[in-house]
Amino acid sequence: MKYDFAAIEKKWQANWEETKPYAAITGDPRPKFYGLIEFPYPSGQGLHVGHPRPFTAIDIVCRKRRMEGYNVLFPIGYDAFGLPTENYAIKNHIHPAIVTKNNIKTFQAQLKMLGYGFDWDRCVDTSDPSYYKWTQWIFQQLFKHDMAYKATMTVNWCTSCKVVLANEEVVGGHCERCGGEVVQKEKSQWMLRITKYAQRLIDDLDDLDFIDRVKIQQKNWIGRSTGAEVNFGTTAGDTLTVFTTRCDTLFGVTYMVLAPEHEYVKKWRDQITNWDEVAAYVEAAGKKSDFERAELVKEKTGVQLKGVMGINPVNGQEIPIFISDYVLMTYGTGAIMAVPAHDQRDWEFAKVFGCPIIEVVKGGDIEKEAFTLKGEEGEMVNSGFLNGMTVKDAIPTMKKWLVDNGKGQEKVNYKLRDWVFSRQRYWGEPIPLVNCEKCGWVAVPESELPLTLPQVEAYEPTDDGESPLARMTDWVNTTCPCCGGPAKRETDTMPNWAGSSWYFLRYCDPHNDKEFASMDALKYWGPVDWYNGGMEHTTLHLLYSRFWHKFLYDIGVVPTKEPYQKRTSHGMILGEGGEKMSKSRGNVINPNDIVAQYGADTMRLHIMFIGDFEKAVSWSNEAVKGSKRFLDRCWNLMEMAEDSDEISEKNEIIVNKTIKKVGEDIDELKMNTAIAAMMAMVNDFYANGLTRGDLKQLMLLLSPFAPHMVEEMWELTGYAAKYGKMAMQMDWPTYDEAKTVDSHVEMAVQVNGKLKGTIQVPMDSEQDAVVAAAMEVEKVKKATEGMQVFKTILVKNKLVNLIVKPAK
RNA sequence: GCCGGUGUGGUGGAAUGGUAGACACAGGAGACUUAAAAUCUCCCGGUAGCAAUACCGUACCGGUUCGAGUCCGGUCACCGGCACCA
């Protein structure tokens, strides 16, 4: 018999729509649990199989928490601003708001189809003015606290789309969408000072329950390195400051290098005797994209600034100064001291330009390559007062010398850059600022928020890379809230990361029109207890939202310094054969098809059973059958079950064992082994028979995985009437530890570490009894014949290992 | 190059240093059926053997251990991230 999944799923989804068993109640006295999944971007393609994996996993965790007595918040929403919608709108001349609305409808239907226990009354849409009013409000707080500033910087410009692209949208120097060439262009941008939080973003990871690879990746991205700033004199009179992590090698400095954009290059124009050559190099470097500068340049290039020399502070030696594009303006001071003996890049440059290479740490062969020791045990040579020291000791000694002599100071640098926050796009939150000639940048009064997106006729970006909003002169021209004089609105919009940086806060209090969320609601629900999401967001969304949250904490509007207590991450779902799913490969799996053929419960179960949650797995249409077969077997147990509400004696052990295993596995997201354990229990039921009481335990365990079918079974077996509750509202089953193990155990018998057989012995048998039983095994007899047992290793209830040698 | 991760049957995958391959998919055999599907039961790493059994087996080489898929050192391959960060 097969169960009628279509009718059953429809019935129970209608029931849940009506009775709202997933409603979260702010302020409820039960302990709270806040489970979160990354809200989807409502694309035109609808849900794909990638979504249900994390959604189902956290849904299962939340369902279990409800049964354990928690007041659970498991919300959903839509990250609705973004480029694909805007491009679709451009192509089809439909307003992006309408496109978004339609897409959300599709997503909602699909999410409901899969039976997720979301609290739908808390649904948010980042493109809804009642939502982005508060995104704008938060931005204004950033602005008011000097955390947002406008700066001119180089951005990626697609020559074909005539549009500014984010770094993520540039693939190998070309536009991700059209493949056109991407060049660098100077543009004035809003920036957020995330770098101000760099240290705290590292330090506070220690108290969080994030999986290690997330912590490591965030730390690497922030890229803290400790070293020193060293002040070099120059013959031009200016002090040239560099950053180094290896101040121990100062005696090995044989030249200096500036980034081509360094301010001193222009400043020294009159003293530089080869200016034409220098100017040409600067211009050429400026034209190169970052991609070309990083990727294509194998051989170091550069030009010496003739006419100016640097002066090494430790020995007063005059050294040449070069410009080269291997030195980045965006890190450190944009200038370096070059130690070719102990830095591979400097070594390569020195070889090209014939600079001297002076060894200051013994141990390598600097004729062949730079000696960049990994440990810190090398011995200093040719280094004046450092001679004879280890590198480890030389670094602090030199630091102290620099400070004492006013030649430098300790310094920490980060790779993290400030966050480019402007997009020259239509479909994003308008930045709620106006520019007044007299007052400069001024925030739009809070009473005027939300500053809504005006209706425009064309969403296409303009030729000069301005936002489409710039054409709306009626909207752009306004008055200054400060002085009442003429002012212009900012026409750039926010990036799609804005709305997602705080959405988990809005879920706590989604209908509040006085505040982004009340402190009471935030205190009740915060922080998010468990947040699962993709690794691809580790250094973007996850970092950005931690930054926003810390800022909100600092201004006293959120109660915790971190937004998420626990972070886990799921592996990708690949197509059959392990290839990435893509339209061009034609291997995309649509969840709708699986649900139509097998039902939502099978879909949910299978996507959990398919493999280790953290690892990538390939989808197999064939294998889905197994999960469906299991559900059918569970369903058919109803006919087999004996008429008793007690757990049967014959199944006592397997039931208790399975309750323990499933409960523990769910908490570790090991859904695959939890399901395997339930399958094993069902196999036992088929072999040994079962009571309705046994089945009841299975239904409770299976309820989070296959909620529709279980509720139907719960009703048919009479439990719904008996308890007046749905299965999902029952208490999570408990187990008796003593009953999770049999009275007898099977133990392995080894002779000299080789398996010779197994024995059945009473639980917790002592060594003598085990050895006696072991000696009864034929193979053991044979293997120990004429031998002397001189050592016995007993692992209780597991194994006994007899170590033998020939008897004399 | 650097930082993470992974490598187990025909396949997806299980295994706190303790019986490798749980649980499934595919495959094989049987029961039921006029028949097929479905369902139920059994078999299913390799080599040799009628068999009992023996030997081999968790990418590769070595080590620690009574015992290693698991720990340590080295090598290779693949995946993800970063990449001239001084």
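Computation of the quantities below employed the complete heavy-atom set of this structure, encompassing side-chain atoms and omitting hydrogens, waters and symmetry-equivalent molecules. It should be emphasised that the depicted structure is a prediction, and the values quoted were computed from it without experimental measurement. Chain letters run A, B, ... following the sequence lines, proteins first and then strands; every chain starts at 1.
- Within 4.0 Å of A:V617, counting heavy atoms only, lie sugar-phosphate atoms of the nucleic acid but no base atom.
- Here B:G81 presents its P atom at 11 Å from CG of A:L540, a figure rounded to the nearest Å.
- Separation of the P atoms belonging to B:G28 and B:G45 is 16 Å when rounded to the nearest angstrom.
- Side-chain contact of A:R224 with A:N413: a donor-acceptor pair under 3.5 Å is absent, judged by distance alone.
- Distance, A:L701 CG to B:C23 P: 18 Å, rounded to whole Å.
- Residue A:N220 is in sugar-phosphate contact alone, with no base atom involved, counting any heavy-atom pair closer than 4.0 Å across all strands shown.
- When the P atom is used for both B:U6 and B:A86, the distance is 28 Å, rounded to whole Å.
- A:T758 comes within contact range of at least one nucleobase, with a heavy-atom separation under 4.0 Å.
- Judged by a 6.0 Å distance limit and a 45° cone about the ring axis, A:K215 is not positioned over the six-membered ring of A:F210.
- Side chain of A:R604 to main chain of A:F705: a donor-acceptor pair is present (N/O by atom type, distance under 3.5 Å, no hydrogens or angles).
- The side chain of A:N672 contributes an N or O atom lying less than 4.0 Å from OP1 or OP2 of B:A14.
- Separation of atoms NE2 (A:H606) and OG (A:S620) is listed at 6.0 Å; rounding is to 0.5 Å.
- In terms of polar N and O atoms assigned as donor or acceptor, the side chain of A:Q750 never comes within less than 3.5 Å of the base of B:U19 in a complementary pairing.
- Between A:D325 atom CG and B:A86 atom P the separation is 18 Å, expressed in whole Å.
- When heavy atoms are screened at a 4.0 angstrom cut-off, A:S627 is found touching no nucleic acid atom at all.
- As judged by a 4.0 angstrom heavy-atom cut-off over every strand, A:A335 is placed among residues making no nucleic acid contact.
- No donor-acceptor contact under 3.5 Å links the side chain of A:K415 to the base of B:C82.
- Counting non-hydrogen atoms under 4.0 angstrom, A:E746 reaches a base of the nucleic acid.
- A close approach under 4.0 Å does not occur between any side-chain nitrogen or oxygen of A:T673 and OP1 or OP2 of B:G13.
- The base-pairing partner of B:U75, taking Watson-Crick or G-U wobble contacts with both distances under 3.5 Å, is B:A59.
- Nucleic acid contact for A:R224: none, since no nucleic acid atom lies under 4.0 Å from a heavy atom of the residue.
- Which of B:U19, B:C23, B:A26 sits closest to the side chain of A:E622 comes down to B:A26.
- When rounded to the nearest whole Å, the span between CG of A:N636 and P of B:A38 equals 15 Å.
- Pairing for B:C40 is with B:G30, a Watson-Crick or G-U wobble pair whose two hydrogen-bonding atom distances lie under 3.5 Å.
- A:D346 CG to A:K351 NZ: the interatomic distance, rounded to the nearest 0.5 Å, is 13.5 Å.
- The P atoms of B:G10 and B:C79 are separated by 23 Å, rounded to the nearest whole Å.
- Between A:K754 and B:C56, a side-chain N or O to OP1/OP2 separation shorter than 4.0 Å is present.
- When heavy atoms are screened at a 4.0 angstrom cut-off, A:N413 is found touching no nucleic acid atom at all.
- Using a 4.0 Å cut-off between a side-chain N of Lys or Arg and a carboxylate O of Asp or Glu, A:K625 and A:E622 qualify as a salt bridge.
- Base orientation at B:G13 is anti, since its O4'-C1' glycosidic dihedral falls outside 90° of 0.
- Between B:G13 and B:G4, the distance separating the two P atoms is 24 Å to the nearest Å.
- A sub-4.0 Å separation between OP1 or OP2 of B:A26 and a side-chain N or O of A:K625 is present.
- B:U19 sits 24 Å from B:G12 when the C1' atoms are compared, rounded to a whole Å.
- Counting to the nearest Å, the P atom of B:A24 and the NZ atom of A:K628 are 16 Å from each other.
- For the pair A:H537 NE2 and B:C82 C1', the computed distance is 18 Å after rounding to whole Å.
- In this structure, A:G753 and A:K782 both approach RNA chain B, and ranking their closest nucleotides by distance from the 5' end singles out A:K782.
- In this structure, B:A48 and B:U53 make a Watson-Crick or G-U wobble pair, each of the two defining distances being under 3.5 angstrom.
- Side-chain nitrogen and oxygen atoms of A:N683 include at least one within less than 4.0 Å of the OP1 or OP2 phosphate oxygen of B:A24.
- Phosphate proximity of B:U39 to A:R629: present, with a side-chain N or O under 4.0 Å from OP1 or OP2.
- In this structure, A:F349 has its ring center under 6.0 Å from that of A:Y255.
- A:F609 comes within 4.0 angstrom of a nucleotide base, judged by non-hydrogen atoms across all strands.
- Among the atoms of the strands shown, none is found under 4.0 Å from any heavy atom of A:K756.
- Pairing partner, B:G1: B:C82, with both Watson-Crick or wobble hydrogen-bond distances short of 3.5 Å.
- In this structure, A:T254 contributes its side chain and A:P356 its backbone to a donor-acceptor pair below 3.5 Å.
- In this structure, A:I216 reaches the sugar-phosphate backbone alone: every heavy-atom distance under 4.0 Å involves primed, P, OP1 or OP2 atoms, never a base.
- Look at A:K219 and you won't find any side-chain N or O under 4.0 angstrom from OP1 or OP2 of B:G4.
- Contact annotation for A:I610: backbone-only contact, meaning every heavy-atom pair under 4.0 Å involves sugar-phosphate atoms and none involves a base.
- Atoms CG (A:D684) and P (B:A22) sit 15 Å apart, rounded to a whole Å.
- Smallest separation of non-hydrogen atoms from A:V360 and A:H342: N-NE2, 3.0 Å.
- At the heavy-atom level, A:G626 lies under 4.0 Å from the strands shown only through sugar-phosphate atoms.
- B:A20 and B:G5 have their P atoms separated by 28 Å, given to the nearest Å.
- Comparing A:A677 and A:I336 by the nucleotide of RNA chain B that holds the closest heavy atom to each, the one mapping nearer the 5' end is A:A677.
- The partner of B:G18 is B:C66, judged by Watson-Crick or G-U wobble contacts that both fall below 3.5 Å.
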